Number of protein chains: 2
Amino acid sequence: MVEITPRLSIGQVAERTGLSVHALRFYENEGLFLTPVRRGADGRRVYSEDDVAWLTVCIILRASDMPLPELRRYAGLVREGTGNEEERLALMREHEARVTGRIGRLTESLDLIRFKAAVYEDIVDQGSAAAHDCHGPSTAAEGEERSPVRRREVLAE
Amino acid sequence: MVEITPRLSIGQVAERTGLSVHALRFYENEGLFLTPVRRGADGRRVYSEDDVAWLTVCIILRASDMPLPELRRYAGLVREGTGNEEERLALMREHEARVTGRIGRLTESLDLIRFKAAVYEDIVDQGSAAAHDCHGPSTAAEGEERSPVRRREVLAE
DNA sequence: CTAGGAGCTAGACCCGGCTCTAGGTCAACT
DNA sequence: AGTTGACCTAGAGCCGGGTCTAGCTCCTAG
């Protein structure tokens, strides 16, 4: 007699998932659900826990910047049922590659960011230790290579 | 007699930086340069290597999703000259935190992505080893906790 | 002299991904 | 009876970050 799959209102789903009710309707419109969202007698949307489970997957994929069209395609594959796992795999692997690439580029950027921060920290520390004017390095440097953030091009300012 | 700071055209800067000429004008409009971009007698923009060096910094900050307003603010601080290193430091540290946060969330997402991929890979391998139908797990799972991507909520599909 | 190519400005447009509004239905309280 | 409050639809609006267009000025080469 326990409710096996409680029927959730859009508001409840919004609350649980952190998506807005607008976003939920929008996602539905975009074809991101696995099954057409059911309606109650009064025409209101009724969600199941399965919907919520799927949404949490969507949220994670979106959090890693999977574009909506690709998420839609993925939803389509899942909707089709078993048999297309190669395609799902390819899609996931592709996405994985994008995400690792993104992480890599962000990590590279962190080199510069931390380097800059360290430079400013030194100046600040120095300035507060002895209370005389800071003498910032204004020598500009040329940058040619760029992959593993070159020291010199990073120094100025 | 060597050109100490060669004068570059917008096209040359675009080529070197990978930014479009449009983007270069746009950035200028947005106040992202350290000094007003000089103009030749004919009214065309003339860039120095310093500009390019600064642009490469901008590009890295943008690559890590520093919003334009913040980049503008940073440019402003640098423009002001030495003396505001605490502010520059704070800005960089803040940005650093955002970037590490982002990397963390992406890395978390990777857990799910790889898990899914692994599931599909198993199915595909299994399917190709013995040529009988795949029996995908369609058992839906409820998801409550979510930080360290829970196993169960991830299984379905 | 004329055609191309690079630049110029101001401003329109685009894209992704929501977000919000207008105008309405319904059920539940007071 | 009236007021919330949650929901509905269709469609407009917004934001960030560019991108592109129109219509113009130059310079250079053929």
Side-chain angles (χ1 to χ4, degrees), chain A residues 6-33 36-48 51-52 55 57-75 95 98-99 102 105-106 109, chain B residues 6-33 36-48 51-52 55 57-75 95 98-99 102 105-106 109:
Chain A
R7 333 177 80 237
L8 301 164
S9 73
I10 195 168
Q12 289 171 311
V13 173
E15 200 174 348
R16 270 171 160 67
T17 60
L19 295 168
S20 70
V21 294
H22 302 292
L24 285 169
R25 292 192 278 244
F26 172 71
Y27 277 18
E28 181 179 345
N29 254 305
E30 292 292 298
L32 301 184
F33 280 83
V37 175
R38 288 171 305 153
R39 301 299 180 115
D42 51 359
R44 296 181 175 202
R45 289 170 179 83
V46 174
Y47 298 87
S48 66
D51 291 322
V52 173
L55 281 172
V57 172
C58 290
I59 286 165
I60 293 171
L61 294 176
R62 286 290 306 127
S64 49
D65 297 320
M66 179 178 284
L68 291 192
E70 188 164 346
L71 187 45
R72 173 161 44 237
R73 173 157 155 61
Y74 180 48
H95 186 56
R98 273 202 310 264
V99 174
R102 182 103 187 89
R105 270 169 282 117
L106 286 175
S109 299
Chain B
R7 333 175 80 235
L8 301 162
S9 72
I10 197 170
Q12 289 172 311
V13 174
E15 201 174 347
R16 270 170 161 67
T17 60
L19 295 168
S20 71
V21 296
H22 302 293
L24 285 169
R25 293 193 276 244
F26 172 70
Y27 277 19
E28 182 179 345
N29 253 305
E30 293 292 299
L32 301 185
F33 279 84
V37 175
R38 287 173 304 152
R39 299 301 179 112
D42 52 358
R44 294 179 176 205
R45 289 170 178 85
V46 173
Y47 299 87
S48 67
D51 291 322
V52 174
L55 282 172
V57 171
C58 291
I59 287 165
I60 293 172
L61 294 176
R62 286 291 305 128
S64 50
D65 298 321
M66 180 179 283
L68 290 193
E70 189 165 346
L71 187 44
R72 174 161 43 236
R73 172 158 154 65
Y74 180 48
H95 186 54
R98 273 203 310 264
V99 175
R102 183 97 187 91
R105 270 169 281 115
L106 286 175
S109 298

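Sequence lines set the chain letters: A, B, ... in the order given, protein chains first and strands last, and positions in each chain run from 1. All values derive from a computational prediction rather than experimental measurement.
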Closest to the [X] side chain, choosing from [options]:
X     : options                : value
A/L68 : C/dC20, C/dC18, D/dG17 : C/dC18
A/I10 : D/dC8, C/dT19, D/dA6   : D/dC8
B/P69 : C/dT19, C/dG17, D/dG17 : D/dG17

TODO: Compare all side-chain heavy atoms of B/R62 with those of B/L68 and state whether any distance is below 4.5 angstrom.
DONE: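 A side-chain contact exists here, since the closest heavy-atom pair is under 4.5 Å.
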Open item on the list: Quick one, A/L24 and A/E28 - any side-chain contact, counting heavy atoms below 4.5 Å?
Closed with: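 A/L24 does not reach A/E28 side chain to side chain.
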[X] side chain N/O closer than 4.0 Å to the phosphate oxygens (OP1, OP2) of [N]?
X     : N     : answer
A/R39 : D/dT9 : yes
B/S9  : C/dG7 : yes
B/R44 : C/dA6 : no
B/R25 : C/dT9 : no
B/R45 : C/dC8 : yes

How long is the line joining [atom1] of [X] and [atom2] of [N], in whole Å?
X     : N      : atom1 : atom2 : value
A/L24 : D/dT9  : CG    : C1'   : 16 Å
B/L55 : D/dG18 : CG    : C1'   : 15 Å
A/H22 : D/dT9  : NE2   : P     : 13 Å
B/I59 : D/dG18 : CD1   : P     : 10 Å
B/Y27 : D/dG16 : OH    : P     : 14 Å

- [ ] Output yes when B/R16 and B/D51 qualify as a salt bridge under the 4.0 Å nitrogen-oxygen rule, no when they do not.
- [x]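 No, no charged N to carboxylate O under 4.0 Å.
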Open item on the list: Taking the nucleotide of DNA chain D with the nearest heavy atom to each, does B/D42 or B/R62 sit closer to the 5' end?
Closed with: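 So the residue in question is B/R62.
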Task: Donor-acceptor under 3.5 Å (A/R44 side chain, A/S9 main chain) - done: no
